[in-house]
Amino acid sequence: MISVGETLPEATLTRMGDEGPEQVSMAELTKGRTVAIFAVPGAFTPTCHSAHVPSFIRNKDALAAKGVDEIICIAGNDPFVMQAWSEATGAGAAGIVMLSDAECGFTDAIGMRLDAPAAGLIGRSLRYAMLARNGKVEIMNAEDNPGQCEVSAGEALLEAMG
């Protein structure tokens, strides 16, 4: 698993743009910026939908007041599902960027892959939240249990920022 002090790996993720799916570089998203990144096992799954995304929506202004330029949510779902989930949760309207890592390139590179065949989740992410400044990890809060949203919640990241 990626650790505090390490640089985020270069990876390409996908988001929905005005013309459909578009590629986005993690290096470009984080260069010269302070970014809160949180990842979930799956869009529309219970804890992700009812706890994790709402915790970042609630804390968006407080995180911005502490210098966070952007909040990014990553999941292994395709960009169409991520867009629908963004609309269903209000994440997009709140300014949270929803990124698809359907090929698990970023997730594998940081050592956070989750495969839970019994739940139908293959090539997904463990639950975490991190703060990256100019591409370097400053805070990494990973859950021990992907069904919980405690140390990875928006409130916990805000508290960890001091």
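- When only modelled atom types and interatomic distance are considered, T107 and D101 share a side-chain donor-acceptor pair under 3.5 Å.
- At a cut-off of 3.5 Å, with distance as the only test, no side-chain donor of Q23 or T12 sits close to an acceptor on the other residue.
- A pairwise comparison of heavy atoms in E138 and V4 identifies O-CG1, 3.5 Å as the closest pair.
- Cluster annotation: I57 is connected to L157 through the hydrophobic network of ILVMFWY side chains, with a link wherever side-chain heavy atoms come within less than 4.5 Å.
- Listed here is the closest heavy atom pair of T47 and G147: OG1-O, 3.0 Å.
- Here the side chains of R15 and E22 are in contact, with some heavy-atom distance below 4.5 Å.
- The neighbour count for E6 CD, taken as heavy atoms of other residues, nucleotides or ligands under 6.0 Å away, is above 12.
- R127 places a side-chain N or O within donor-acceptor distance of the main-chain N or O of Q148, the cut-off being under 3.5 Å.
- Enclosure of atom CG in D144 is not indicated, since only 12 or fewer non-hydrogen atoms of other residues, nucleotides or ligands lie within 6.0 angstrom.
- Two residues are said to be in side-chain contact when any heavy atoms from C-beta on lie closer than 4.5 Å; C48 and P41 meet this criterion.
- The closest donor-acceptor contact from the side chain of S152 to the backbone of C149 lies at 3.5 Å or more, if one exists at all.
- When all heavy atoms are compared, the tightest approach of V53 to C73 is CG2-SG, 4.5 Å.
- V40 and I71 fall within a single hydrophobic cluster, where Ile, Leu, Val, Met, Phe, Trp and Tyr side chains are chained together by heavy-atom contacts under 4.5 Å.
- Using a distance-only test at 3.5 Å, with no hydrogens or angles considered, a donor-acceptor pair links the side chain of N77 to the main chain of A43.
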Open item on the list: Let's go through I72 and L29 carefully: what are the C-alpha distance in whole Å and the side-chain angles of both, what is the deciding distance for side-chain contact (heavy atoms from CB on, under 4.5 Å) to 0.1 Å, and is it a yes or a no?
Closed with: CA-CA 9 Å; I72 297 169; L29 282 176; 3.9 Å; yes

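- Listed by first and then second residue, the side chain to side chain donor-acceptor pair (under 3.5 Å) pairs that reach into residues 79-94 are H49-W85, sequence neighbours excluded.
- One hydrophobic cluster, built from ILVMFWY side chains closer than 4.5 Å, holds both L13 and M130.
- Ion pairing of R33 with E70 is present here, as a side-chain N (NZ or NE/NH1/NH2) and a carboxylate O approach within less than 4.0 Å.
- Once rounded to the nearest 0.5 Å, the distance linking CD1 of I110 with CD1 of I2 reads 6.0 Å.
- Note that SG of C104 and CZ of R124 are 8.5 Å apart. Values are rounded to the nearest 0.5 Å.
- Note that the OG1 atom of T7 and the NZ atom of K136 stand 5.5 Å from one another [nearest 0.5 Å].
- Taking hydrophobic clusters as Ile, Leu, Val, Met, Phe, Trp and Tyr residues chained together by side-chain heavy-atom distances below 4.5 Å, F106 does not share a cluster with M82.
- Interatomic distance, L114 CG to L126 CG, rounded to the nearest 0.5 Å: 5.0 Å.
- Panel note: side chain D69, backbone V35; no donor-acceptor pair is recorded below 3.5 Å.
- Closest non-hydrogen pair, A62 versus L158, comes out as CB-CD2, 3.5 Å.
- You'll find the side chain of M16 reaches within 4.5 Å of the side chain of P21, heavy atoms only.
- Counted within 6.0 Å of CG on D61, heavy atoms from surrounding residues, nucleotides or ligands total 12 or fewer; the atom is thus considered open.
- Counting all heavy atoms, side chain and backbone alike, Y128 lies closest to H52 at O-CE1, 3.8 Å.
- Atom CD of E159 is surrounded by 12 or fewer heavy atoms from other residues, nucleotides or ligands within 6.0 Å.
- One distance of note links CG of L99 with CD1 of I37; it measures 8.5 Å at 0.5 Å rounding.
- The backbone N or O of V81 sits less than 3.5 Å from a side-chain atom of D78, completing a donor-acceptor pair.
- Here NZ of K31 is found 14.5 Å from CG of L8. Values are rounded to the nearest 0.5 Å.
- E10 and S25 form a side-chain donor-acceptor contact under 3.5 Å, judged by distance and modelled atom types alone.
- Smallest separation of non-hydrogen atoms from A156 and N141: O-ND2, 4.0 Å.
- Put simply, V137 and V68 are part of two different groups of oily side chains (I, L, V, M, F, W, Y) that touch within less than 4.5 Å, one to the next.
- Defined by atom type and a distance below 3.5 Å, a donor-acceptor pair is present between the side-chain atoms of T34 and R133.
- Between F56 and F38, the distance separating the two ring centers is shorter than 6.0 angstrom.
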